[in-house]
Structure formats: C-alpha cells, structure tokens
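What follows is a short report on a single structure.
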Amino acid sequence: MEQNLPLHNTCETAPLRRVLLHRPGRELENLMPEYLERLLFDDIPYLKLAQEEHDQFADTLRRCGAEVVYLTDLTAEAVADEGVRRAFIEDFLREAEVTVPRLHDLLREYFLALPPKALVEQMEAGVRKSEVQQLEKARLSDMTAFGAEDYPFLVDPMPNLYFTRDPFAVVGGGVAIHKMHTKTRNRETLFGKYIFEHHPRYKDVPKWYDRAEQSSLEGGDILVLSPQVLAVGISERTEEDSIDKFAQTVLSRSPTFQKVLAINIPKTRALMHLDTVFTMVDAGLFTVHPAILRDLDVYVLELGKGGRVRIREEQGRLADILQRHLELEKVELIPCGGGDPIDAAREQWSDASNTLAVAPGEVVVYSRNYVTNRLLEDHGVTIHCIPSSELSRGRGGPRCMSMPFLRG
C-alpha cells in the first residue's frame, strides 16, 4: 500500500498504516456532574491518567506499524491561513449558538488572538464564563444574557472528541463527513469539514456524505467488511434516510463497493452503534454482543437500473448473512463475555466487542475485558491489551477511539 495515499480503507482488518486519534485534553476537565447527560457522559475521567492511557494506546499502534496523526494538529494545519481561520471561527461561534452580539465579538477577538493550535485546543475545551470575565471586557448584562445565570460555560466543551470514529468515516479512498445525532457532538464534525476542505494533504479526497444533510449518520455505525461490502447500522444514532444517501453516493462513485448491508439493531444507549455490538477481527471471525444473536432484519442496498439504489429485505442470523454476502466458507462469532448474561453485560459496559484490528487476526483491546480477551486468544487472535480505567468511562473502546486513514 502506498504510504503517500491520503486515504485508503477497504477492509476492517487490513494492516493499519495511518490512523487519526485525539489525545484527551482540557475538555474532560470541563465535565461537571450536573451536566453529564447533556454532554453524553456517565462519569468524569481523571484527565492525567486518561492521557497516560491514551499515550499507551498510541504507542501500541505505532509498535504495530501505524503512523499516528492527531485531530488537533490536522485541524490547526487546515486553518493556518488567516482567512480560513476567520471563517472557521465564525462557523464555530454560530454552531455554538453564541447569538449575543457583544459576546460574539468578544469571543471572536479572543479566538483570533490565539495561534492555530491553541485556538483549536480552546474550542475543544469550551469556554468558561470565568475565562472571558478575566479579559475585563465583558459586562454583567452580557454574561447573564447568555443562557442561565448559573450555567458556567459560554461555549460547551467537547468531551467526546477522543472517540474519533464518529464525526467522519474513511471509506475506500473517500470520506463521509457526518451529521451527528445530537447537537452536543455535531460541532465535532466542523473539524472534519475544515480538514477535508482546506488541509493540503486531504482537501481533494472524494466526499461521500455532507454534514449539512438533515438526517444523522455516525461513524461507529459504518463497518468496511471488504472492498465490495459495507455494513451500516440502523441504530439509535444513524437514520435510514442517511443510509440511503450514503449508499447512493458510495455505490455510484466508488470503484469497488457493490453493496451496503443496513443492519437493524436495538435502539438503546448500551448498543448505540453497530461497532459496539459487532466488529471484524479476521476473515470470517467477528466479535458480537449476545443481543444480536437472533434473527435480524437486514436491508441489502445495491445499484439497479439507471444507477439508482434498489433495496431488498432479508432476515436471518448474523453469521449466515455475513457468510453469504462476504462469500466465506465459514463465519465464527465470538460472543462478548462468552455469552454469560452477567459477564456479557459487564464487559459490554466497557466495550469488549469494540475491538480495533491492526492486521488480520490481530487486535487492540481493553485489558479489563478479560473474559472476552481470553476467548479471542482461544480463537488464535493476537491481542494487544491497553489500560482503560479512565478511557472506558466515556463508553467507547479502541475502535471508537480511532479513525483509520490508511489500511493495506
């Protein structure tokens, strides 16, 4: 595989060559118990330890042969030009719903005074009211005009950023930039917009989906099963209309993909994305959560006459569906927690099914999911265990924390 290619991803298990991560930053220190639900968190990670764990994750990927690039760095490089940076700030303030004119002007000047990387880091962290008050330019009327008087932020933090899988997805040689299901996460896709429109290395890649669409699509629901077959979850956070549009674009413009399997999964937070219940480990080998070991509704999207997508419905067990559409002799499913209802529920909470393949039969996992990890090893899978006492508090695993840019 050419390392100079900007993007290439045609199989979940092809050797990982380049991957995008986000090292947790000050945004985690702006989590508060009162506003956890608003920010889609269940707990507050300890930043210092979360960063240490994330650094071990990045080092593991490097040892496996992957180049690690960071979201903050790529965004800063994309907005290095002052004109682009000004447009970026205006977009950000509009999407942060900063509508009070004086505060808008104040924050714009505050952001413009920062160098590109510091600017991006401040956007990620959010803006506390106390930070702007320290500028000694804001009036009391300005502060109280922006939301509730006791709400401590002018701009909310983005603590979910370290789950780089969701705001956009590399599929083949192109990228889908997503409309997120929640307002809380939708600003994250603004970074992707500027990277894939202005970064000199990535600005010319094909776009499969646009964040301006009305229906939601999230990267955790997209699995690249082979150069011909994609799977997309119909989930709590990805809607049917989005899959229709995504499939039409990819199937008509990609040189390899021939079908999209839209898999209907339960609409619950515990099973929020397809990759929380189902990931590919090797050819014919997958991890699964027991909740989908039953008959599933699957919709097969393919191009028909006139270049329009046609859809047919299938029902059946996941193993049979995968075996048929991937044209495999055999499919094995490794159940999270060994299928035991207690072990499966506990390890699902810390994303045991959410493995990240770095090569065929070689995956990165959380060390805490020892029941599932032992089963993986029993199936001949090489595992790289990383610590996760703090990272797992965000309810996402190694696959959630990574966006492959280059595989093969």
Side-chain angles (χ1 to χ4, degrees), residues 9 11-21 49-50 52-68 162-165 220 223-225 273-290 292-293 318-319 322 328 330-340 342-404 406-408:
N9 180 21
C11 182
E12 291 284 318
T13 60
L16 186 63
R17 303 302 186 194
R18 186 183 308 130
V19 61
L20 177 82
L21 305 181
L49 188 51
E52 291 174 2
E53 291 174 353
H54 197 273
D55 289 343
Q56 291 185 58
F57 177 45
D59 287 342
T60 297
L61 298 179
R62 293 186 185 101
R63 287 195 299 271
C64 291
E67 173 193 1
V68 174
Y162 73 90
F163 301 121
T164 55
R165 180 68 59 164
L223 275 66
V224 186
L225 300 180
H273 290 132
L274 186 62
D275 72 357
T276 64
V277 294
F278 161 49
T279 51
M280 189 174 186
V281 174
D282 201 349
L285 188 62
F286 301 82
T287 60
V288 296
H289 186 267
I292 61 168
L293 292 177
L318 180 62
L322 293 172
L328 296 169
K330 182 182 178 182
V331 165
E332 284 190 84
L333 304 180
I334 302 173
C336 172
D340 180 90
I342 295 175
D343 293 339
R346 184 186 71 252
E347 295 202 349
Q348 171 67 11
W349 187 244
S350 49
D351 290 278
S353 299
N354 190 259
T355 63
L356 172 65
V358 293
E362 186 175 352
V363 297
V364 181
V365 295
Y366 282 160
S367 58
R368 65 192 300 146
N369 296 319
Y370 57 89
V371 176
T372 308
N373 293 345
R374 185 168 60 245
L375 283 171
L376 286 165
E377 290 183 311
D378 289 345
H379 281 79
V381 177
T382 300
I383 65 172
H384 301 276
C385 291
I386 61 170
S388 59
S389 66
E390 300 305 308
L391 292 176
S392 64
R393 294 177 191 269
R395 307 275 75 83
R399 189 180 193 273
C400 292
M401 295 192 299
S402 58
M403 174 42 60
L406 193 66
R407 283 190 181 273

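Since the structure is predicted, the reported quantities are computational estimates derived from the model, not experimental observations.
- Judged by distance alone, with hydrogens and angles left aside, the side-chain atoms of Asn9 form no donor-acceptor pair with the main-chain N or O of Arg407 at under 3.5 Å.
- Across every non-hydrogen atom of Thr372 and Ala352, the tightest pair is OG1-CB, 3.5 Å.
- When each of Arg63, Arg62, Gln56 is paired with Asp59, the side-chain hydrogen bond (donor to acceptor under 3.5 Å, both in side chains) condition holds for Arg62 and for no other.
- Ala344 approaches Cys336 most closely through the heavy-atom pair CB-O, 3.3 Å.
- Between Leu293 and Pro335 the shortest heavy-atom distance is CD1-CB, 4.3 Å.
- Here the CD atom belonging to Glu377 is positioned 8.5 Å from the OG1 atom belonging to Thr382, to the nearest 0.5 angstrom.
- With values rounded to the nearest 0.5 angstrom, Ser402 atom OG is found 11.0 Å from Phe163 atom CZ.
- Residues Val371 and Asp340 are not in side-chain contact: their nearest non-hydrogen atoms beyond the backbone lie 4.5 Å or more apart.
- With hydrogens and angles left out, the side-chain atoms of Thr279 and Thr287 include a donor and acceptor closer than 3.5 Å.
- Looking only at distances, a side-chain donor or acceptor of Thr164 sits under 3.5 Å from a matching main-chain atom of Leu20.
- Within the model, atoms CG of Leu318 and CD1 of Ile292 stand 5.0 Å from one another, a figure rounded to the nearest 0.5 Å.
- Ala58 and Leu21 make their closest contact through CB-CD1, 3.8 Å (heavy atoms, listed as atom of the first residue, atom of the second, distance).
- Residue Arg165 comes nearest to Pro404 through the heavy atom pair NH2-CD, 3.2 Å, listed as atom of the first residue, atom of the second, then distance.
- Atom OG1 of Thr13 and atom CG of Leu285 lie 10.0 Å apart (nearest 0.5 Å).
- The CG atom of Asn373 lies 12.0 Å from the OH atom of Tyr366; values are rounded to the nearest 0.5 Å.
- With Phe286 as the fixed residue, the side-chain contact (heavy atoms from CB on, under 4.5 Å) test singles out one of Leu223, Val281, Val331: Val331.
- No donor-acceptor distance shorter than 3.5 angstrom exists from the side chain of Gln348 to the backbone of His289, with no hydrogens or angles considered.
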| said: Set out, in order, the CA-CA distance, both residues' side-chain angles and the distance that settles side-chain contact (heavy atoms from CB on, under 4.5 Å) for Leu356 and Leu61, then state yes or no. | reply: CA-CA 10 Å; Leu356 172 65; Leu61 298 179; 3.8 Å; yes
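- For Glu12 (side chain) and Val224 (main-chain N/O), a donor-acceptor pair under 3.5 Å exists by modelled atom type.
- Among all heavy-atom pairs drawn from Ser389 and Arg368, the shortest one is CA-NH1, 3.6 Å.
- Glu390 places no side-chain N or O within 3.5 Å of a backbone atom of Glu53 that could act as its donor or acceptor partner.
- No side-chain donor-acceptor contact under 3.5 Å links Asp282 to the backbone of Val381.
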| field | Working for side-chain contact (heavy atoms from CB on, under 4.5 Å), residues His54 and Leu391 | value | CA-CA 7 Å; His54 197 273; Leu391 292 176; 4.3 Å; yes
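- Side-chain atoms of Met401 and Ile386, non-hydrogen and from C-beta on, do get closer than 4.5 Å to each other.
- Here the CZ atom belonging to Arg18 is positioned 5.0 Å from the CG atom belonging to Leu406, to the nearest 0.5 angstrom.
- For the pairing with Arg399, the side-chain hydrogen bond (donor to acceptor under 3.5 Å, both in side chains) check across Asp275, Thr355, Asn354 returns one residue only, Asp275.
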